[in-house]
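Side chains included, hydrogens not; waters and symmetry mates left out as well; all remaining heavy atoms used. Worth saying up front: this structure is predicted, and the values here are computed from it rather than measured.
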Amino acid sequence: MVQHLDRLRETPSQTAGPYVHIGLTPNVCGITGVTPEDLGARMVADGVRGERITIRGRVLDGAGRPVNDCIVEIWQADAAGLYNSPAEHRGRADPNFAGWGRCAADEEGAFVFETVKPGRVPGPNGTTMAPHVSFWIVARGINIGLHTRMYFSDEEAANRDDPVLRRVVPARVPTLIGRREGDTVHFDIHLQGDGETVFFDV
């Protein structure tokens with residue numbers, strides 16, 4: 001029997017703020033005692049496999065001003081390219097790596113994640129994607145969270161072959177590449193204007 005859904009309407013989206021920090025990162029706001037530490041604050045544990053890195057960046061608006069009321073979340077594979085997910089069927093992900101993190105931006109719009117460099121993961125139609133980290137940004141005035149990716153500047157060959165990057169207008173590709181300096185990767189997110197980061201519908 002066919003179910004007709006033409007009378008159902010989409011639930012309207014609402015802004016995430018101005019209280020997004022209170023609900024998602026209470027310890028950052030000084031509301032202690034709810035949880036020992038905010039969910040997503042720690043991605044790695046002792047014994048984690050792979051190269052440990054720090055991702056640092058800022059979220060800026062179209063005028064170059066810091067977006068200081070945003071939450072940034074990341075999701076990535078472990079060093080072997082496996083996701084910490086029940087849907088991961090290729091093997092067992094590193095038990096000392098969460099694969100997901102959350103950070104409230106500070107007054108300068110800055111965020112920091114202590115993580116590992118991810119491995120390559122399968123892409124569409126039998127392809128392989130370059131190592132990347134997926135970002136989700138939400139703030140007051142952003143009705144639907146924005147999704148983007150960060151690739152690594154020291155993975156030129158893998159980036160060239162990445163099936164997702166190949167679909168991006170070439171002039172915009174540099175906005176998705178994190179600048180690698182030792183064990184730190186810098187990745188600024190511009191919400192609009194010149195140097196705008198490419199956002200993906202996911």
Worksheet entry | Side chain Ser153, main chain Arg180, donor-acceptor under 3.5 Å | yes
Fill in: Glu51, CD atom: more than 12 neighbouring heavy atoms under 6.0 Å
yes
Worksheet item: For Ala157, does its backbone N or O pair with a side-chain atom of Glu155 as donor and acceptor, under 3.5 Å?
Response: no
Discussion item. Before we go on, tell me: are the rings of Tyr83 and Trp75 under 6.0 Å apart, centre to centre?
Written reply: yes
Discussion item. So does Asn27 get a backbone contact from the side chain of Asp38, meaning a donor-acceptor N/O pair under 3.5 Å?
Written reply: yes
Practice prompt. Answer yes or no: does atom CZ of Arg166 have more than 12 heavy-atom neighbours from other residues, nucleotides or ligands under 6.0 Å?
Written response: yes
Fill in: N/O donor-acceptor pair under 3.5 Å between Asp106 side chain and Phe111 backbone
no
Discussion item. Would you say that Thr115 contacts Ile55 through its side chain, given a criterion of any heavy-atom pair below 4.5 Å between the two side chains?
Written reply: yes
Worksheet, complete the sentence: With Lys117 as partner, the option from Asp154, Asp183, Asp78 fulfilling side-chain hydrogen bond (donor to acceptor under 3.5 Å, both in side chains) is Asp154
Fill in: Side-chain (Asp61) to main-chain (Val67) donor-acceptor, under 3.5 angstrom
no
Worksheet item: Is the side chain of Asp188 donor-acceptor paired with the backbone N or O of Leu60 at a distance under 3.5 Å, no angle test?
Response: no
Practice prompt. Examine distances only and state if a side-chain atom of Asn84 and a backbone atom of Gly99 form a donor-acceptor pair shorter than 3.5 Å.
Written response: no
Worksheet item: What's the verdict on side-chain hydrogen bond (donor to acceptor under 3.5 Å, both in side chains) for Gln76 and Ser134, showing C-alpha distance, side-chain angles and the deciding distance?
Response: CA-CA 6 Å; Gln76 66 170 88; Ser134 296; over 6 Å; no
Worksheet item: When you measure from the side chain of Glu73 to the backbone N and O of Trp136, does any donor-acceptor pair fall under 3.5 Å?
Response: no
Practice prompt. Please determine which of Val133, Val173, Ile177 meets the side chain to side chain contact (heavy atoms under 4.5 Å, CB included) test together with Tyr151.
Written response: Ile177
Worksheet item: Should the pair Glu37-Arg42 be classified as a salt bridge under the 4.0 Å nitrogen-to-oxygen rule?
Response: yes
Discussion item. Determine whether Val185 and Arg56 satisfy the following criterion, side chain to side chain contact (heavy atoms under 4.5 Å, CB included), listing intermediate values before the conclusion.
Written reply: CA-CA 6 Å; Val185 182; Arg56 294 184 180 276; over 6 Å; no
